[in-house]
Amino acid sequence: MSGSNDHIGGEARRYGTATIGEAVARLREGGLVAVPTETVYGLAADSTDAAAVAEIYRAKGRPDFNPLIVHVPDLAAASKLGQFNQLAVRFAEVLWPGPLTLVVPKAEHCPVAAAVTAGLDTIALRAPAHPVMRELLDASGLYLAAPSANRSGAISPTTADHVASSLGSAAPLILDGGPCEQGIESTIVAIDGNDFRILRPGPVTPAQLAAIAGKPAVATISGKIEAPGQLMSHYAPAKPVRLDAPTARSDEYHIGFGPVAGTMNLSAGGDLAEAASRLFAALHDADASEKAKIAVAPVSDSGIGLALNDRLRRAASPK
Ligand code: TXA
Ligand code: MG
């Protein structure tokens, strides 16, 4: 730890146009801060400040039945907000910090504003791994409610530019930490006593979870929306999307994968993690191109491919 900037201290470290200190000041005033995580950029506010949380819903144009994830530094902090049984503790110990959100019963004296959980008696908690988000959590000492930093229903942002263009004039102070490494939103797991259900597939795979729990996930009740972000048309570009397309038509921007070259390629080597990290940027570029439509090459369903295909099906479903 002998960097020449040590005397400045963490609060003065600059990410793009803003410092951590400025971001903390904004949060303490009840304002919003866009912050990189290892999955996608989040739009953060103090989760215990009802007015600040209302501001998140307003900036995103989000229907208020859709609850938010609260970001915490670690399991000790999470345990002040939610009730962690043995299984929840196991998941948190192995996979935090990281791209896993746990839905658990709210703690008895949970200080989080009611709008965060949209009236549910459960709360979604995640300890993120990204160093900038961790620095913000540490420096502010706050529990940060943060949905993805895009207009409701639009594609999640994986760069600071995506945040600025999606939120437009509602864009808050943005900490720019470069492109997100995972590029796809966290896996959401609901704890149900000794069982668990996967509410949203993500970077943490069903196989990883089953190995930790010693048993597979229980199937979710089909047709019932448990994570309202699971509305079918959600991660949607403005243009029509056609899936499983080995070739494209002249009016289509072609998102390639592996041997299917495409207008751009998610991963020429067929690496699914690399493909996931580039998916939302590809959809943003395709949406901004002069082509009227979007076609996407076939992507295999193994590992994180499951989450990739989940987002692609939503992108392609009728609006
Ligand atoms: O990777 C991520 O999870 C990113 C980064 C910023 O952390 N955040 C994110 O947040 O994707 P958002 O708001 O776009 O998605 C949160 C999802 C929604 O589908 C919501 O319905 C679900 O979490 N959720 C939140 N609280 C819940 C609860 N108590 N029960 C069930 N689902 C819940
Ligand atoms: Mg979202």
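Given the structure is predicted, the values throughout are model-derived calculations rather than measurements. Side-chain atoms are counted along with the backbone in the values below, which use heavy atoms only and exclude waters and symmetry mates. Count residues from 1 along the sequence. Just so you know, ligand 1 is whichever comes first in the structure, and atom 1 is the first atom listed for that ligand.
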Thr39-Arg126 side chain donor-acceptor pair, cut-off 3.5 Å = yes
key: Check: Ser156/Arg311 side-chain N/O donor and acceptor closer than 3.5 Å   = no
key: By side-chain contact (heavy atoms from CB on, under 4.5 Å) - contacts of Asp138 (at least two apart)   = Pro73
request  = Take atom CG of Asp195 as the centre, draw a 6.0 Å sphere, and report whether it contains more than 12 heavy atoms from other residues, nucleotides or ligands.
outcome  = yes
query = Counting heavy atoms only, which of Ile123, Ile188, Val70 is nearest atom 23 (O) of ligand 1?
reply = Ile188
query = Under the side-chain contact (heavy atoms from CB on, under 4.5 Å) test, which residues partner Ser300, sequence neighbours left out?
reply = Leu272, Ser302
ask   = Which of the atoms in ligand 1, numbered in the order shown and given with their element, are less than 4.0 Å from a heavy-atom of Ala124?
value = 25 (C), 26 (N), 27 (C)
ask   = Can a non-hydrogen atom of Gln182 be found less than 4.0 Å from any atom of ligand 1?
value = no
note = If you compare Ala118, Gly183, Pro67, Ala149 by their heavy atoms, the one closest to atom 33 (C) of ligand 1 turns out to be Pro67
message = At a threshold of 2.8 Å, where the distance has to be below it, does the Mg ion (ligand 2) have an N, O or S atom of Ser148 nearby?
response = yes
query = What are the atoms of ligand 1, with element, lying closer than 4.0 Å to any heavy atom of Leu199?
reply = 31 (C)
query = Do Glu290 and Tyr253 have side-chain atoms, one donor and one acceptor, less than 3.5 Å apart?
reply = no
request  = Among Lys291, Arg242, Lys293, find the residue that satisfies the salt bridge (Lys or Arg N to Asp or Glu O under 4.0 Å) test when tested with Glu252.
outcome  = Arg242
remark   = With heavy atoms and a 4.0 Å threshold, my read on which part of Thr117 contacts ligand 1 is neither
task = Check ligand 1 against Thr122 and write out every atom of the ligand that is under 4.0 Å from a heavy-atom position of the residue.
result = 28 (C), 29 (N), 30 (N)
inquiry  = Pairs of nitrogen or oxygen atoms closer than 3.5 Å, one from Glu185 and one from ligand 1: do any exist?
reply    = no
task = May I ask you to check if ligand 1 and Tyr41 share an N or O to N or O distance below 3.5 Å?
result = no
query = Heavy-atom contacts under 4.0 Å between Leu120 and ligand 1: side chain, backbone, both, or neither?
reply = side chain
query = Do we see a donor-acceptor contact under 3.5 Å between the side chains of Asp161 and Thr159?
reply = no
inquiry  = I'd like to know if Arg58 pairs up with Glu55 as an ion pair, taking the criterion as any Lys NZ or Arg NE/NH1/NH2 lying under 4.0 Å from an Asp or Glu carboxylate oxygen.
reply    = yes
query = Taking N or O atoms only and a 3.5 Å limit, does Thr39 qualify as a polar contact for ligand 1?
reply = yes
task = Tell me yes or no: between the side chains of Arg200 and Ser186, is some donor less than 3.5 Å from an acceptor?
result = yes
query = Any N or O of Thr37 that comes nearer than 3.5 Å to an N or O of ligand 1?
reply = no
request  = With heavy atoms of Ser186 as the reference, note each atom of ligand 1 found under 4.0 Å away.
outcome  = 1 (O), 2 (C), 3 (O)
request  = Mark up the atoms of ligand 1 that fall under 4.0 Å of a heavy atom belonging to Ile69, in ascending order.
outcome  = 3 (O), 8 (N), 9 (C), 10 (O), 16 (C), 23 (O)
